[in-house]
Protein chains: 2
Amino acid sequence: MTSISHHSIRQSLLGRIQSGEWALGGLIPAETDLASEYGCARGTVNRALQALAEAGLVVRKRKGGTRVCQMPVRQAKFEIPVLREQVESFGGIYGHRIIANKLKTPPPSIRTHLRIPGGVKALHLQTVHLADDKPYAFEERWVNTQAVPEILNAPLDKISANEWLVKTVPFSSGDVVFSAINADKKIASAIGTDEGAAIFAIDRTTWLEDEFITTMRLYYKEGFQLHSHL
Amino acid sequence: MTSISHHSIRQSLLGRIQSGEWALGGLIPAETDLASEYGCARGTVNRALQALAEAGLVVRKRKGGTRVCQMPVRQAKFEIPVLREQVESFGGIYGHRIIANKLKTPPPSIRTHLRIPGGVKALHLQTVHLADDKPYAFEERWVNTQAVPEILNAPLDKISANEWLVKTVPFSSGDVVFSAINADKKIASAIGTDEGAAIFAIDRTTWLEDEFITTMRLYYKEGFQLHSHL
DNA sequence: CGTGCTATTATGTATGCACATAATAAAATT
DNA sequence: AATTTTATTATGTGCATACATAATAGCACG
């Protein structure tokens with residue numbers, strides 16, 4: 001068999017769900033039944049169903065069985081764009097220009113968010129990311145220099161802070177927030193739009209074992225969109 | 001024993017990745033080695049590693065082995081908010097008010113997007129979603145009445161179009177787009193903000209077996225954010 | 001020296017089995 | 001009738017085994 005069972009079974013089940021064979025919120029046959037129907041082991045069906053469950057298409061409960069989820073498209077996976085790749089995927093040449101780069105005491109909002117004690121300084125960076133020498137996005141970042149003192153010696157003019165951190169700091173956890181904000185004067189001039197323009201912003205904060213590493217906010221040029229298909 | 005192996009192994013591996021035990025882009029021991037290290041079957045390690053791979057933390061290649069992914073937080077899963085639940089989770093009372101509800105010929109941009117032939121009409125809906133009688137979000141929607149003619153008789157004043165569709169139309173595929181836009185006069189007055197305010201917009205288009213069902217755009221009140229943790 | 005065949009290796013997947021666990025239904029008890 | 005106990009059932013998980021598949025490394029041969 002060239003076809004991979006649990007994938008094809010998953011596809012088949014998805015099709016049957018989409019065709020309305022099983023009503024929204026309705027019960028799907030038990031694993032064992034499906035297994036004999038498809039002529040495979042229960043484990044294979046289990047795997048397919050678990051994948052559908054993870055994708056949010058079905059809900060499973062012990063003894064309760066598997067039922068089609070009421071709300072479609074409840075969750076979507078998004079690729080968080082990596083600037084360089086994004087620019088280069090359009091055939092553009094990536095570059096960046098550092099506007100600010102110095103140790104400062106973070107404002108209270110940042111400080112509490114990052115659980116940095118008062119009075120401690122952190123590295124503040126402002127960067128404009130360029131596509132073919134034209135502004136593409138504006139980045140504001142704080143780096144915890146207590147956690148990553150080496151960054152003070154990093155050649156940030158050659159490699160972006162993001163890329164340096166990614167290459168240097170071991171893998172870490174983090175969170176992401178999307179929002180829309182009006183460009184203020186600084187942002188507008190940095191990315192070359194009008195003041196007040198609606199900007200898509202991505203905040204990303206990164207931790208390493210409970211220690212704060214960096215937080216950044218990316219302001220995208222107008223018209224930026226994030227896509228996800230289901 | 002009480003702990004579920006493949007979950008705990010996944011956690012353990014995650015920890016070891018985050019601790020830097022294996023360098024970014026570096027190789028992780030083979031499944032068989034990890035299996036004997038953890039004292040479990042290879043299949044169990046396999047499952048843990050596949051989960052990490054799906055989460056974008058490691059990259060796996062046959063014969064090549066498993067290596068820690070270069071870019072962290074490349075993908076994030078977002079829960080697409082369901083308005084009613086969202087409102088009610090804050091303890092608010094959900095409601096909605098229909099502003100427009102009639103058959104119209106969609107503008108070209110919508111028509112091509114939806115692959116609707118020219119001249120055909122579709123149901124155009126504008127709805128304000130309320131939290132405690134105050135505007136919360138504004139929705140603009142087109143429904144393909146050829147695919148779902150029953151919607152013309154639906155009690156849309158009682159149940160929102162979204163909920164009606166979800167309950168009526170079998171499961172379908174779709175895509176989601178996030179963007180930021182400036183509120184025009186209509187949007188601003190609908191959700192009670194100033195013209196020009198930065199609005200977080202979610203576009204959602206839904207299909208059923210290649211047949212277009214509906215497309216909608218949701219305009220959120222200022223300050224709306226979408227979170228995701230990793 | 002390069003080309004093409006042949007191991008070798010790590011992951012991908014399926015199977016059959018066993019048992020664990022949660023939730024329900026049925027039965028027994030108070 | 002209300003409550004507790006005891007099956008029953010569907011999913012969750014693990015294991016050992018077997019084979020498939022992709023990518024690589026090594027070797028032989030022209």
Side-chain angles (χ1 to χ4, degrees), chain A residues 1-17 21-70 74-75 171, chain B residues 1-17 21-70 74-75 171:
Chain A
M1 275 296 148
T2 158
S3 70
I4 298 144
S5 254
H6 79 269
H7 278 163
S8 54
I9 288 178
R10 180 187 164 160
Q11 270 312 104
S12 165
L13 291 173
L14 177 63
R16 292 169 77 175
I17 289 172
E21 178 172 339
W22 301 304
L24 290 198
L27 260 177
I28 285 178
E31 289 182 353
T32 49
D33 298 339
L34 288 171
S36 65
E37 184 190 333
Y38 283 106
C40 68
R42 179 171 78 92
T44 309
V45 172
N46 180 286
R47 197 164 167 184
L49 283 172
Q50 290 214 14
L52 289 176
E54 224 186 308
L57 291 161
V58 298
V59 179
R60 319 195 71 201
K61 247 161 75 178
R62 272 171 175 159
K63 162 86 182 178
T66 305
R67 44 186 73 239
V68 179
C69 190
Q70 293 280 0
R74 285 189 72 109
Q75 48 183 12
F171 219 107
Chain B
M1 270 311 213
T2 161
S3 69
I4 299 146
S5 255
H6 79 269
H7 279 161
S8 55
I9 287 177
R10 179 185 164 161
Q11 270 312 105
S12 166
L13 292 172
L14 177 62
R16 293 169 77 175
I17 289 172
E21 178 173 338
W22 302 304
L24 289 198
L27 259 178
I28 284 179
E31 287 183 356
T32 49
D33 298 340
L34 288 171
S36 64
E37 183 190 332
Y38 282 106
C40 68
R42 178 170 81 91
T44 309
V45 171
N46 180 287
R47 199 164 166 184
L49 284 171
Q50 290 213 15
L52 289 176
E54 223 185 309
L57 290 160
V58 298
V59 178
R60 320 195 71 201
K61 249 160 76 177
R62 271 171 175 160
K63 161 85 181 179
T66 305
R67 42 188 73 240
V68 179
C69 190
Q70 292 280 358
R74 284 190 71 111
Q75 48 183 14
F171 218 106

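Just so it is clear, the structure is predicted and the values come from calculations on it, not from any experiment. Letters A, B, ... are given to chains in the order of the sequence lines, protein chains preceding strands, and every chain is numbered from 1.
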If you look at every heavy atom in Ala48(A) and Ile9(A), which pair is closest and at what distance?
-> CB-CG2, 3.8 Å
Sub-4.0 Å heavy-atom contacts from residues 28-43 of chain B onto DNA chain D, ordered by number = Cys40(B), Ala41(B), Arg42(B)
Would you mind listing every salt bridge (charged side-chain N to carboxylate O under 4.0 Å, His left out) that reaches into residues 52-68 of chain A, with sequence neighbours excluded?
-> Glu31(A)-Arg60(A)
Cut-off 3.5 Å, side chains only: do Tyr38(A) and Ser12(A) have a donor facing an acceptor?
-> yes
Please name the pair of heavy atoms, one in Leu24(B) and one in Gln70(B), separated by the smallest distance, quoted to 0.1 Å.
-> CD1-O, 4.0 Å
Scan Gly65(A) against the nucleic acid and name what it touches under 4.0 Å (heavy atoms): base, sugar-phosphate only, or nothing.
-> sugar-phosphate
Would you kindly give the CD-to-P distance between Glu54(B) and dG12(C), to the nearest whole Å?
-> 12 Å
Can a side chain N or O of Thr66(A) be found less than 4.0 Å away from OP1 or OP2 on dT11(D)?
-> yes
What's the shortest heavy-atom distance between Thr44(A) and Ser5(A), and which atoms?
-> CG2-CB, 3.8 Å
Which heavy-atom pair separates Thr66(B) from Leu27(B) by the least distance, and what is that distance?
-> O-CD2, 3.2 Å
Would Cys69(A) and Val59(A) satisfy side chain to side chain contact (heavy atoms under 4.5 Å, CB included), going step by step from the backbone distance to the final call?
-> CA-CA 6 Å; Cys69(A) 190; Val59(A) 179; 4.2 Å; yes
Look at Gln50(B) and dT11(C) and indicate whether a side-chain polar atom (N or O) is within less than 4.0 Å of OP1 or OP2.
-> no
Does dT13(D) have OP1 or OP2 sitting under 4.0 Å from an N or O in the side chain of Ser5(B)?
-> no
Can you name the closest pair of heavy atoms from Gly56(A) and Gln75(A) and give their distance?
-> N-NE2, 3.3 Å
Taking the nucleotide of DNA chain C with the closest heavy atom to each, which residue, Lys61(A) or Thr44(A), is nearer the 5' end?
-> Thr44(A)
Of all heavy-atom pairs linking Pro29(A) and Leu34(A), the shortest is O-CD1, 3.6 Å
Protein-nucleotides 4-9 of chain D N/O pairs closer than 3.5 Å?
residue	atom	partner	partner atom	Å
dT9(D)	O4'	Lys63(A)	NZ	3.4

Nearest listed nucleotide, side chain of His6(B), among dG12(C), dG14(D), dA14(C) | dG14(D)
dA16(D) P sits how many Å from Asn46(B) CG, rounded?
-> 15 Å
